[in-house]
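For reference, the structure discussed in these notes is given below.
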Amino acid sequence: MVTAMVTAMVTAMASNIVSQFGGQRLVHLGLLLGFVTFPAFAGNWTITPTLAVTETATNNLNLSSTNTQSSLSTNIAPGISIYGSGDRAKLRLNYSMNNIFYTADPSQNNQTQNSLNAFGTLEAVENWLFIDASGYISQQSISAFGAAPISSDVNTNVNSNITETSTYQVSPYIRGSFGSFADYQLRYSLSDTGSQAGSAYGSTTKTWLGSLEGKTRLVNLGWSVYLNAVSTDQGNLRSKEDNQLRLALSYQIDPQFQVSLIGGREEQNYDSFNKQSNNTRGYGFAWSPTERTKMEFRRVNRFFGPSNTFNFTHRTARTAWTMSASKEATSQQSQGNVGFGAINGLLVTIYLADPRCSSLPTDQREACANTLASNSPSAQLQGGFQTNQAVVQQLRLIAFSLLGVRNTVTFSATQNNTQNVSALNQLAPIGSGPSQNNVDQLGASVNWSHQLTPLSSLGATFASSKSKGTGLNNLETTQQYMSVNFATQLGPKTNAGINARRVESDGTTSYSETALTATVSHRF
């Protein structure tokens, strides 16, 4: 019976995806799902069908300041979760198909939204040829100045600023060594992004990455050579290319501290119609004073100025902290959901050491940690937006998670600055709407959860975001989100919850909304 249910659900979900996405993207999805069937009869695999039913009452379905409309919506969401590892393969997949029905204008508003988060890896030839594949489907903002989604998984409001975006990637690579001379790796990645907002926000990116790393006669002195070639096609627009060659020398001062010098050459057409070449140079360091603390920094001068990367992580038995900053040029069309992944990653790190997961067999710990993290507080206003040009993106993030006996607290603060570097500049602004050639987004969220009983918890969230643009018309939108939620376990595989939220937006987009949501979910 379970097998029949899984087959029926997968068939329905696949049919729905086929109807919404093109064949090219389905090739990538098929490669990804191949990781399930190839090693299915070896190792440990957990396949869990799910079903969730959510009822939402809102006083402003369209998130409008002038035409507020009350409505009830029902979301029936079958899904499937797969975790496992075989002899040479691993897969982590979560998919749900959200079928949303409205009492207000159902013929126009009823819709289906997909949510997918999947990653698989296959060791095709032992210790030499590997294949990674991933697939993501989420709800994202089109413009930085419109109403932002509260969740990237599903959006129950009828919001013209939110669209469904899919990204599929397959990446085969080989790695090995030339004796004691050097280690090598050669990787090819094909990534395809599509958006229901239109072809202007879709792209296909091809990347070649090669590296050689070796040691010299001086034991602490190492060298490396990197070649990176990126080509992005966006429909009828001109292709964008960025080719980089870098050489680096690294010196291990002691087991905890390493410094490096970087030099190279770059050729790109991001900021001009013809390819431009320039020299690159920089430096970096890596510091790991303990197994639980790591810090890395790299600075390279590129065609747009300094390209910086900074990462710091620290964890204790019950806390995890991270700080990061980066400034890079990219031709990717979606600048999505800044900050959410960091909070989830911190929670996974904590739960991997939690007795509930650490006591399990090695191949089950990751699934346990991901499940606990997904049930922990991590809501926020989703930052980012969809661009249609090559941009320089500068990201800053600070986040921490505190896990107590009965209380869990998460916090994140982000800044996402996106600047147009296109040769068209003023004639082709980034994103949609009035011309904006520079967009600065600030966001912060704090989540608290209290375990009332072994089966029930109470939580609260406050999140705020601000988007400010510079262009022919300077735009600015500020949004705040507040919620209180109660969750309980009705049975070994059945959960229920109720959530009350308040959203306020002011500026270029102004509205307010109050909503009440009740959810019942079951794992088969």
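- Between the CZ atom of F119 and the CG atom of L93 there is a distance of 12.5 Å, given to the nearest 0.5 Å.
- Annotation: R265, atom CZ; neighbour count of heavy atoms from other residues, nucleotides and ligands within 6.0 Å is above 12.
- You'll find the ring centres of F181 and W223 inside the 6.0 Å limit.
- No side-chain heavy atom of Y188 sits under 4.5 Å from any side-chain heavy atom of V170.
- Ring orientation note: the planes of Y270 and F303 are nearly perpendicular, at an angle over 60° on the 30°/60° scale.
- With rounding to the nearest 0.5 angstrom, the OG1 atom of T316 is 6.5 Å from the CZ atom of R292.
- Contact check for S115 versus N98: side-chain heavy atoms found under the 4.5 Å cut-off.
- With no hydrogens or angles considered, no side-chain donor-acceptor pair links Q268 and E266 at under 3.5 Å.
- Taking 4.5 Å as the limit, every side-chain heavy atom of I398 sits out of range of all side-chain heavy atoms of W321.
- In this structure, the separation between CD1 on I131 and CD on E123 is 11.0 Å, given to the nearest 0.5 Å.
- No side-chain heavy atom of K294 sits less than 4.5 Å from a side-chain heavy atom of N311.
- For T216 (side chain) and L221 (main-chain N/O), a donor-acceptor pair under 3.5 Å exists by modelled atom type.
- Partner of I262 under the side-chain contact (heavy atoms from CB on, under 4.5 Å) criterion, chosen from R298, R299, R281: R298.
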Original post:
Can you list the steps and then say if T309 with V300 is a side chain to side chain contact (heavy atoms under 4.5 Å, CB included)?
Top reply: CA-CA 9 Å; T309 301; V300 178; over 6 Å; no

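- Here the OG1-CD distance, from T207 to Q169, works out to 7.5 Å after rounding to the nearest 0.5 Å.
- Side-chain atoms of R523 come within 3.5 Å of backbone N or O of P492 as a donor-acceptor pair.
- At a threshold of 4.5 Å between non-hydrogen side-chain atoms, the residues T48 and Y83 do not count as touching.
- Note on ring orientation: taking the six-membered ring where Trp is involved, the planes of F524 and H522 are perpendicular (angle over 60°, cut-offs 30° and 60°).
- E164 and N114 are linked by a side-chain donor-acceptor pair at a separation below 3.5 angstrom, with hydrogens and angles left out of the test.
- Across all their heavy atoms, T112 and M97 have their closest contact at CG2-CG, 3.8 Å.
- With hydrogens and angles left out, the side-chain atoms of T54 and N75 include no donor and acceptor closer than 3.5 Å.
- With no hydrogens or angles considered, a side-chain donor-acceptor pair links S307 and E328 at under 3.5 Å.
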Original post:
What's the verdict on side chain to side chain contact (heavy atoms under 4.5 Å, CB included) for R175 and D183, showing C-alpha distance, side-chain angles and the deciding distance?
Top reply: CA-CA 8 Å; R175 69 183 184 194; D183 297 327; over 6 Å; no

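- Looking at every heavy atom in both residues, G404 comes nearest to R318 through O-NH2, 3.2 Å.
- Using a 4.5 Å heavy-atom threshold, the side chains of R187 and F130 count as separate.
- In this structure, S224 OG and K215 NZ are separated by 10.5 Å, a value rounded to the nearest 0.5 Å.
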**OP:** Take Y136 and T165, measure what side chain to side chain contact (heavy atoms under 4.5 Å, CB included) needs, and give me the verdict at the end.
**Re:** CA-CA 8 Å; Y136 301 96; T165 301; over 6 Å; no

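- Considering only heavy atoms from C-beta on, E213 comes within 4.5 Å of Y226 through its side chain.
- Residue K240 forms a side-chain contact (heavy atoms from CB on, under 4.5 Å) with just one option from T205, V230, N269, D233, and that option is N269.
- Of the N and O atoms on the side chains of S81 and N94, at least one donor lies less than 3.5 Å from an acceptor on the other residue.
- Here the closest non-hydrogen pair linking F257 and Q252 is O-NE2, 3.5 Å.
- Inspection of the S250 and S260 side chains reveals no N or O donor paired with an N or O acceptor under 3.5 Å.
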**OP:** In sequence, state the C-alpha distance, the side-chain angles, and the governing distance for L245 and V225, and then conclude on side chain to side chain contact (heavy atoms under 4.5 Å, CB included).
**Re:** CA-CA 7 Å; L245 174 65; V225 180; 4.0 Å; yes

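- No more than 12 heavy-atom neighbours from other residues, nucleotides or ligands sit within 6.0 angstrom of NZ on K206.
- For the 3.5 Å distance criterion, the side chains of R246 and T280 fail to qualify, holding no donor opposite an acceptor.
- Remark: the T167 side chain and the T193 side chain contain an N/O donor-acceptor pair separated by less than 3.5 Å.
- Between T410 atom OG1 and L403 atom CG the span is 11.0 Å, to the nearest 0.5 Å.
- The two residues A182 and L212 make their nearest non-hydrogen contact at CB-CD2, 4.3 Å.
- Between S231 and E241, the closest heavy-atom pair is OG-CG, 4.1 Å.
- A side-chain donor from one of S412 and S445 sits under 3.5 Å from a side-chain acceptor of the other.
- Proximity of a side-chain donor or acceptor of S401 to a complementary backbone N or O of F411 within less than 3.5 Å is not detected.
- Smallest separation of non-hydrogen atoms from N155 and I100: O-CD1, 3.8 Å.
- For the residue pair D242/Q244, the side-chain donor-acceptor check at 3.5 Å is satisfied.
- In this structure, N243 and L227 have side chains that are not in contact, with every pair of non-hydrogen atoms separated by 4.5 Å or more.
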